[in-house]
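Working notes for the structure below.
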Amino acid sequence: MPNMPATETAQPEADILLSRYAVADTPDPDEALSDSELEARDDAEADTTFAYWRDSPLASVFAKGAKSKARVATAIQRKRAADAVLSGDAGTVARIMGYTSPFPLRKAAAANDNSPYPGIVSSADFVRGFVPPDYHIDGVAQAGFLYALTAGTGTGKTAVLLALTSSTALGRALCGRDVRKGRVVYFAGENPDDVRMRWLAMAHHQGFDANDTDVHFIAGTFSIPGAIARISADVERLGGADMIVVDTSAAYFQGDDENGNTPLGKHARDLRALTELPGKPAVFVACHPTKNADQANLQPRGGGAFIAEVDGNLTLTKDGGLAKLHWQVKHRGADFAPMFFALESVTAPVLVDTKGRSVPTVMAVGKANWVPAVGRPNKHDEAVLEALRKARQWGGVVDQRAWRKSYYDDHVGEDENVLKSRFNRARPNLIKAGFVVENQGEFTLAEEGTK
């Protein structure tokens with residue numbers, strides 16, 4: 001520790017420490033220096049400065065000499081960073097301080113500025129060696145991509161993800177779509193016991209042995225970014241993974257605001273790291289929707305920030321007594337026809353309580369080539385449907401306004417209030433009956449998707 005005059009008691013020492021490092025209260029003199037000048041000064045001061053922090057009796061200094069809570073917090077923060085520097089823990093320095101280096105205390109560059117400039121390459125170099133990803137679910141989800149599966153409580157998120165898990169392990173089609181066969185790692189964070197029950201029931205009803213299948217579980221919650229190196233090593237020992245399930249996003253969220261865009265954006269980026277595990281798996285994350293969401297607007301919590309970081313937002317909604325899997329807001333790739341699942345109450349011989357009673361659970365059963373039963377629309381609904389056909393023939397996006405105008409144009413001279421009432425009744429009827437499909441405010445005919 002540098003020699004200090006005997007007359008400098010705890011109070012002057014605190015002033016020296018706090019005034020030197022509480023930079024939030026004073027202009028930053030470093031801005032007047034070039035990088036080379038800063039580095040030269042840093043090299044000269046580094047050893048003495050941080051040795052001083054290491055050896056100083058800071059606890060008593062802070063207790064007696066600090067002049068404000070803010071200055072105490074600032075100084076303590078810098079002490080922790082100094083200790084981390086002395087131990088060689090650069091990651092802790094960055095986390096505590098928000099700086100790239102404490103010599104001097106300069107703010108870190110934005111995250112997207114930390115990578116070196118890659119340079120310009122030709123079109124030939126850019127595409128050379130590119131191998132398009134395989135589909136994990138044919139026409140729906142691709143290997144190496146990150147997907148949210150957003151649905152309200154009780155809609156069947158876990159049941160559908162377990163159905164996809166068994167189809168992947170067994171190489172069986174799901175809802176008439178081919179599924180890539182491979183190894184699955186299932187993060188059972190929200191309710192491991194519920195997942196165990198469902199998996200045992202599924203093994204019984206689908207005829208596979210739960211003790212001998214290439215599915216692997218991680219029970220309980222933890223920090224995924226904090227354990228990513230260990231997860232990667234474990235997956236590599238398994239021989240890679242073809243599919244990852246995270247059940248649920250909320251169970252593994254490490255922030256303090258589950259609806260905040262910034263922390264949920266970071267959470268999604270942390271989850272994307274799972275797509276880089278050995279085997280480049282397709283990753284499916286069960287997500288709760290935003291508060292009071294309706295079936296026509298199912299977005300995962302975190303809104304646009306979370307969706308911006310994923311490759312698709314798959315959704316589950318109830319339709320005709322079944323769970324319908326489709327997508328909303330974002331999907332990389334071509335559109336696909338919805339997949340439908342029956343949610344059946346089942347049990348198994350091993351699911352018996354201490355009184356010998358069967359314990360039921362829920363299993364999702366894919367329905368191949370199933371579409372909702374529809375009836376013939378009444379004459380007013382048919383007129384509204386015909387107006388949509390005409391509007392679609394004009395080309396361009398047909399939103400509700402364009403559709404309604406087409407209907408009004410077909411009934412010039414009739415009472416506008418009556419027309420409005422008929423249109424407002426017919427539109428949801430036609431959507432519910434399966435004649436019309438709405439996606440982000442655009443309306444299409446169901447028959448267009450069958451051509």
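The structure displayed is predicted, hence computed values, not measured ones.
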[X] side-chain N/O to [Y] backbone N/O, donor-acceptor pair under 3.5 Å:
X: R183; Y: L238; answer: yes
X: E438; Y: F443; answer: no
X: T213; Y: D209; answer: no
X: R272; Y: E309; answer: yes
X: K330; Y: V310; answer: yes
X: R177; Y: I137; answer: no
X: R404; Y: F423; answer: no
X: K157; Y: A151; answer: yes
X: Q254; Y: F222; answer: yes

Hey, can you pull the donor-acceptor pairs under 3.5 Å for the side chains in residues 411-421, sequence neighbours left out?
{"residue": "H411", "atom": "ND1", "partner": "Y407", "partner atom": "O", "Å": "3.0"}
{"residue": "D415", "atom": "OD1", "partner": "N417", "partner atom": "N", "Å": "2.8"}
{"residue": "D415", "atom": "OD1", "partner": "V418", "partner atom": "N", "Å": "3.2"}
{"residue": "S421", "atom": "OG", "partner": "R425", "partner atom": "NH1", "Å": "2.7"}

Task: F336-H326 aromatic ring centre distance below 6.0 Å - done: yes
- [ ] Assess the pair W199 and F208: is the distance between their ring centroids shorter than 6.0 Å?
- [x] yes
So do the side chains of [X] and [Y] get within less than 4.5 Å of each other, counting heavy atoms only?
X: V184; Y: H216; answer: no
X: L149; Y: C287; answer: no
X: M243; Y: F284; answer: yes
X: V359; Y: T361; answer: no
X: V195; Y: L162; answer: yes
X: T165; Y: V245; answer: yes
X: H267; Y: S249; answer: yes
X: V246; Y: I244; answer: yes

Which atom of [X] lies closest to which atom of [Y], heavy atoms considered:
X: A364; Y: M202; result: O-CE, 4.4 Å
X: A268; Y: L146; result: O-CD2, 3.7 Å
X: R422; Y: V384; result: O-CG2, 4.4 Å
X: H205; Y: T347; result: NE2-O, 2.8 Å
X: M197; Y: P360; result: CE-O, 3.9 Å
X: A348; Y: L200; result: CB-O, 4.3 Å

With no hydrogens and no angle check, do the side chains of [X] and [Y] hold a donor and an acceptor under 3.5 Å apart?
X: R180; Y: H136; answer: yes
X: T290; Y: Q299; answer: no
X: Y186; Y: D247; answer: yes

Task: Whether Y147 and H331 hold their rings parallel, tilted or perpendicular, with breakpoints at 30° and 60° - done: tilted
Measuring from atom [atom1] of [X] to atom [atom2] of [Y], what distance do you get when rounded to the nearest 0.5 angstrom?
X: K324; Y: C175; atom1: NZ; atom2: SG; value: 13.0 Å
X: T248; Y: F187; atom1: OG1; atom2: CZ; value: 13.0 Å
X: L174; Y: T168; atom1: CG; atom2: OG1; value: 8.5 Å
X: L316; Y: Q295; atom1: CG; atom2: CD; value: 10.0 Å
X: W327; Y: N313; atom1: CH2; atom2: CG; value: 9.5 Å
X: Y252; Y: D270; atom1: OH; atom2: CG; value: 14.0 Å

- [ ] Test side chain to side chain contact (heavy atoms under 4.5 Å, CB included) on T317 and L298 and set out the steps.
- [x] CA-CA 9 Å; T317 56; L298 290 174; 3.5 Å; yes
- [ ] Go through D134 and Q142 one step at a time and tell me if the side chain to side chain contact (heavy atoms under 4.5 Å, CB included) criterion holds.
- [x] CA-CA 6 Å; D134 290 331; Q142 292 174 280; over 6 Å; no
Open item on the list: So that I can tick it off, tell me whether E386 and K379 are bridged by a salt bridge, with the cut-off set at under 4.0 angstrom between side-chain N and carboxylate O.
Closed with: no
Task: Lys/Arg N to Asp/Glu carboxylate O, D410 vs K390, below 4.0 Å - done: yes
TODO: Kindly determine whether L277 and T275 satisfy side chain to side chain contact (heavy atoms under 4.5 Å, CB included), including the steps that lead there.
DONE: CA-CA 6 Å; L277 292 174; T275 65; over 6 Å; no
TODO: Could you please spell out the steps behind the side chain to side chain contact (heavy atoms under 4.5 Å, CB included) verdict for R128 and F126?
DONE: CA-CA 6 Å; R128 183 175 292 114; F126 181 67; over 6 Å; no
Could you tabulate the donor-acceptor pairs under 3.5 Å formed by side-chain atoms of residues 226-237, not counting sequence neighbours?
{"residue": "D234", "atom": "OD1", "partner": "R237", "partner atom": "NH2", "Å": "2.1"}

